[in-house]
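I have placed the structure first, in the form of structure tokens, so that the comments after it can refer back to it.
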Protein chains: 2
Amino acid sequence: MSFPSQEASIASNLRDDILRGHYRCGERLPSERDLAQRFGVHRSTVREAFKRLAQLGVATIHPGGARVAPIEEASLDVVEHLLALDGSPDPEILDQALEAMSGFRAMAARLGTERATIEQRAHMLEILETMMRTAERGDNADAKLISELGNCLVEASGNIILKLMRNGLQPHGDLEAEAKFMRGAEPNNAEVEPLLWRLSHAIENVDGATASEAVYLLSCLFRRSVREQTSERQTEPRLDSEPGARSAQGEVQS
Amino acid sequence: MSFPSQEASIASNLRDDILRGHYRCGERLPSERDLAQRFGVHRSTVREAFKRLAQLGVATIHPGGARVAPIEEASLDVVEHLLALDGSPDPEILDQALEAMSGFRAMAARLGTERATIEQRAHMLEILETMMRTAERGDNADAKLISELGNCLVEASGNIILKLMRNGLQPHGDLEAEAKFMRGAEPNNAEVEPLLWRLSHAIENVDGATASEAVYLLSCLFRRSVREQTSERQTEPRLDSEPGARSAQGEVQS
DNA sequence: GTGCCATATTGGTCCGACCAAATCTCCAGC
DNA sequence: GCTGGAGATTTGGTCGGACCAATATGGCAC
């Protein structure tokens, strides 16, 4: 609770409220003095939180009052918080994130494949081999592995902008973070294997276009699996992890 | 000068200094009190600037001092400022940005093509037709048009994450902003035309993979042209626009 | 109802202060 | 000479209060 500074926790509160839709876009949010009183802190602390929100792109500050910005104008960095909202992400947002991740990996595959060093190429093939073995055994593919492969590709691309994009999609370089959302994904091994094979060959042959296509399709298998699983879970009662989360102000959502 | 608040201008100063490499990564930057005195403002103003930098990901603040963060860990939002540094962007960064933009458009093309409404599809084809006419006339392709096409594709994808990524690559939704860097690009029309043709058909036939490939190659033509032009310009003295820019602290860059 | 002006409100900045944690300094002890 | 640690210093985090200019608001005159 006191781990992060008060400023940080206030910023998080406000950010999440905005992302949750508690304030309508364009609406003025409470004044600094008001919020300071409400949170029991000094106004300057709230101001610092506001600066964060402004830089995050979820609010704009002008004399007369701070207003909520349309989410389409926010920073990529909001994705992380969008997915972490209320403990478990909105299925629609999650699907779009996985879709974007698929496209992003495809992009990284193209550039990374064409520019990888010998060592990087070897590492990628190694990861693919692990995935193939997993598939052959009939086990579920590990989402972490494809995340890691994506990271290798980004690294191999040597493109700083790609790295920055990844930061937004997969904060803290945390493989787990994304894999968590894909836990339980069970893509069909019969579909996965030929793609792994195709990808390996593309990497060996420095064929960016083919690698891109294969990675995209591969990621899409995960995405589809997650989506199916999510829609299943939606009908039955939730009984998995995150006990006690979602106790906050609750489901306003308008 | 006074248009932005003091906080904003201080934040910009520090940000640019960091991006320029004035402070080495991991190095402690001056204390709030120190900077406050140096800029002639109160400490709280500097603090607010620091919060921005922290949210931008170019610095981390802990008790004991703020430190410069490795640029690979920054937010995508730094790209804008990286390109605007010293008036004219570093050729290497510019090339990477155009490369990322190419890959990004390819991603958008895939998703956008598959999901566009009739109207969106028509609009895209319209833009392509304009480009074709330009090419047939033998005129230089207009970078703005391909930017606009990219925006249509992003819009058509309906993917919020893609929109957020675009914000980072092409701030303010400003078509000009990116096109400015591509001014003078003269991709070979003989190479451009068949790609335009291919792309049109892919959009009509809702063929995401082909559209993606075509858009990528198309964007790469622009990129290549810009790169060639930049390397040319590097040898001869600059005599184009932006008079008086680049007078700042200059080329430290270590 | 409409237009305008006085007033309350809001953000921007400043001053000065205290605390806890981190950093640095410097001297004792090995 | 090197090391370790106690103490002084610095640093960020927060607070209280204050002034200004721009904005928003309410109410009054038309």
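To the nearest 0.5 Å, atoms CD (A:E155) and CE (A:M124) are separated by 10.5 Å. For the atom pair CD1 (A:I161) and CE (A:M107), the distance works out to 11.0 Å, reported to the nearest 0.5 Å. Here the CG atom belonging to B:L76 is positioned 5.5 Å from the CE atom belonging to A:M165, to the nearest 0.5 angstrom.
There is no side-chain donor-acceptor pair under 3.5 Å between A:S44 and A:R47.
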Item to complete: Scan nucleotides 5-16 of chain D nucleotide by nucleotide, 5' to 3', and note B when protein non-hydrogen atoms come under 4.0 Å of the base, S if they reach only the sugar-phosphate, - if neither.
Response: ------BBBBBB

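No more than 12 heavy atoms of other residues, nucleotides or ligands lie within 6.0 Å of CD in A:Q37, so this atom counts as exposed by the packing criterion.
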